[in-house]
Number of protein chains: 2
Amino acid sequence: MAPEPRHNPIRVSCYECPLRRMKQFRPFTEAELEFVSNFKRGELQADPGTTVLVEGARSAHLYTVLSGWGFRYKILEDGRRQILNYVVPGDMIGLQGAVMAEMQHSVEALTPTTLCVFERSRLFSLFERHAGLGFDLTWLAAREETILDEHLLSVGRRSALERASYLLAFLFERGRVSGIVTEERRHVPITQSHLADTLGLSIVHTNKTLKKLSDRGLILWRDRGCEILNARGLEDIAGWAPGEARIRPFI
Amino acid sequence: MAPEPRHNPIRVSCYECPLRRMKQFRPFTEAELEFVSNFKRGELQADPGTTVLVEGARSAHLYTVLSGWGFRYKILEDGRRQILNYVVPGDMIGLQGAVMAEMQHSVEALTPTTLCVFERSRLFSLFERHAGLGFDLTWLAAREETILDEHLLSVGRRSALERASYLLAFLFERGRVSGIVTEERRHVPITQSHLADTLGLSIVHTNKTLKKLSDRGLILWRDRGCEILNARGLEDIAGWAPGEARIRPFI
DNA sequence: CGGGCTCTTGATACGTGTCAATGTTGGTGG
DNA sequence: CCACCAACATTGACACGTATCAAGAGCCCG
């Protein structure tokens with residue numbers, strides 16, 4: 001059994017938020033910072049394998065990832081699993097549940113993860129008091145939609161080799177812009193089982209596909225994860241290129 | 001070549017919007033109605049096959065579907081196409097382009113379609129002046145995300161028969177709640193080529209899969225489209241059920 | 001009347017899934 | 001410190017689902 005996530009008091013004040021300092025995130029006004037600071041109710045520590053949000057639940061909270069990797073997924077009754085997307089620092093999770101009735105997907109931590117906890121019931125006041133933050137939420141939702149569009153294109157129309165290349169290049173790029181992978185640490189902490197469930201392939205075929213990428217020197221499987229050696233090469237195979245990284249909001 | 005969409009002056013005032021009267025949509029306050037009425041810049045008539053929005057463009061507008069069916073899609077360089085979702089009356093399109101830099105997908109009309117045209121540049125004032133409408137936009141984006149999640153699960157993990165059943169049941173349900181299909185007119189106006197490109201299957205295999213559903217009496221192919229004879233039967237095959245229809249926003 | 005879509009069907013090829021066995025690694029407890 | 005175990009990764013053989021190729025029928029519209 002996975003351990004329960006630990007709900008802790010606030011350790012990192014929004015005023016000293018380490019993510020806030022990074023230049024890829026839109027800076028807050030003083031008033032916005034104060035509002036978000038009050039909006040934040042605590043922090044959550046989640047170990048690898050912990051289910052942070054579960055499909056069908058009516059969560060009273062929503063979260064922003066402060067550190068760590070995680071993923072969103074759905075499962076069919078017989079256990080078939082589809083991973084929908086991955087989350088990295090700066091991503092918000094649980095907005096669906098906050099805005100609709102209940103969660104339609106689950107979220108699990110891949111690495112030790114820290115989440116900021118927000119009160120769902122105060123979400124509407126965010127829109128009332130700070131139009132800019134409301135716009136940011138729509139922005140975040142629209143970006144998630146853009147990513148899902150690309151994934152759907154991938155799973156629906158790309159070959160296994162293209163799909164795997166796209167996904168690895170995508171994960172590398174997401175890690176890069178969120179600061180969680182760097183030129184020195186180009187490690188993506190997922191198992192081949194996760195990849196398979198994202199690509200819509202079997203584990204065995206995923207393994208054989210990854211071997212082709214390894215043989216070409218594009219990746220290296222190590223330490224329960226994947227080193228991206230040549231992101232550009234992966235993008236070429238996939239016929240995909242990351243959009244230019246622009247300043248993005250983050251709540 | 002597809003004809004150009006025709007940009008017309010306003011014919012239907014928001015005050016007499018036929019959709020607004022339907023009970024499945026959240027009612028507006030007087031102030032909201034007035035704002036949206038000013039937000040609306042015109043109407044667009046699109047014939048079947050018309051591309052309403054094109055990937056890569058920076059559109060100055062966003063749209064709400066007043067009547068008709070359409071679909072969103074992406075294509076790879078070599079022409080492989082993936083249909084991402086369908087649009088029905090009450091759906092907003094172009095929000096991605098309005099909120100990000102440029103459109104990441106295209107939209108095409110399936111039937112004669114009427115769209116309300118809104119000014120993208122005034123989107124932010126919507127958030128400033130009417131928090132409720134801003135919240136609605138986030139709601140709409142979150143719902144689109146929920147749908148894409150289910151599609152991704154379907155394409156990634158369901159068999160061809162399950163996938164086709166899910167998609168047809170889904171389309172029937174969307175048509176039903178938007179009032180565009182009724183108990184008497186249960187017709188979904190798509191070709192098998194559209195279905196194939198949504199399901200991630202070839203046209204030939206899609207045809208053979210649909211034949212199985214026809215043989216079981218669940219559907220009937222007629223008039224360039226599909227009659228849904230037994231939605232419940234389709235849902236059973238897919239292992240999927242529509243969420244309870246709740247009041248939804250619509251701008 | 002012809003030409004272009006759409007739909008249909010059979011034969012065959014190929015990509016991916018399934019099964020089975022083995023190797024590797026890291027953690028746990030004696 | 002070693003033995004054991006549970007995940008995870010790897011590989012080959014074979015089965016099956018889906019793609020591709022090909023041909024033809026029906027239909028609408030110019």
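In this text the structure is predicted, and so the values were computed from the model without any measurement. Quick note on labels: first sequence line is chain A, next is B, and so on, each numbered from 1.
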Any donor-acceptor pair under 3.5 Å linking the side-chain atoms of B/Ser154 with those of B/His151?
no

Here the residues of residues 184-199 of chain A within 4.0 Å heavy-atom distance, strictly under, of DNA chain C are none

B/His61 vs B/Phe118 side-chain heavy atoms within contact, under 4.5 Å:
no

Write down the protein N/O and nucleotide N/O pairs, taken from nucleotides 17-22 of chain C, whose separation is under 3.5 Å; answer none if there are no such pairs.
| unit_1 | atom_1 | unit_2 | atom_2 | d |
| --- | --- | --- | --- | --- |
| C/dG17 | OP1 | A/Ser202 | N | 3.1 |
| C/dG17 | OP2 | A/Ser202 | N | 3.0 |
| C/dG17 | OP2 | A/Ser202 | OG | 3.0 |

Outer limits of DNA chain D sitting under 4.0 Å from a non-hydrogen atom of chain A, read 5' to 3', are D/dC8 to D/dA13

Under the criterion side chain to side chain donor-acceptor pair (under 3.5 Å), I'd like the reasoning laid out for A/Gln96 against B/Asp149: C-alpha separation, chi angles, the key distance, then a yes or no.
CA-CA 11 Å; A/Gln96 261 186 41; B/Asp149 285 351; 3.2 Å; yes

So does B/Asn207 get a side-chain nitrogen or oxygen closer than 4.0 Å to the phosphate oxygens (OP1/OP2) of C/dT8?
yes

Please determine, by modelled atom types, if B/Ser67 and B/Thr114 share a side-chain donor-acceptor pair under 3.5 angstrom.
yes

Is the shortest side-chain N to carboxylate O distance from A/Arg80 to A/Asp197 below 4.0 Å?
no

Report the C-alpha separation of B/His205 and B/Ser202 in whole Å, then their side-chain angles, then the decisive distance to 0.1 Å, and conclude whether the side chain to side chain donor-acceptor pair (under 3.5 Å) test is met.
CA-CA 5 Å; B/His205 197 69; B/Ser202 70; 5.6 Å; no

Side chains of B/Tyr73 and A/Leu153, heavy atoms from C-beta outward: is any pair under 4.5 Å?
no

Quickly work out the B/Leu210 CG to C/dT8 C1' distance and round it to whole Å.
12 Å

Could you go through the side-chain contact (heavy atoms from CB on, under 4.5 Å) check for A/Leu168 and A/Cys226 one step at a time?
CA-CA 8 Å; A/Leu168 292 169; A/Cys226 184; 4.0 Å; yes

Under the side chain to side chain donor-acceptor pair (under 3.5 Å) criterion, do B/Gln192 and B/Asn207 qualify, and how do the steps go?
CA-CA 7 Å; B/Gln192 296 186 4; B/Asn207 179 274; 2.8 Å; yes

Whichever of B/Gly225 and A/Arg224 has its nearest DNA chain C nucleotide further upstream toward 5'
B/Gly225

NZ or CZ of A/Arg158 within 45° of A/Tyr166 ring axis and under 6.0 Å:
yes

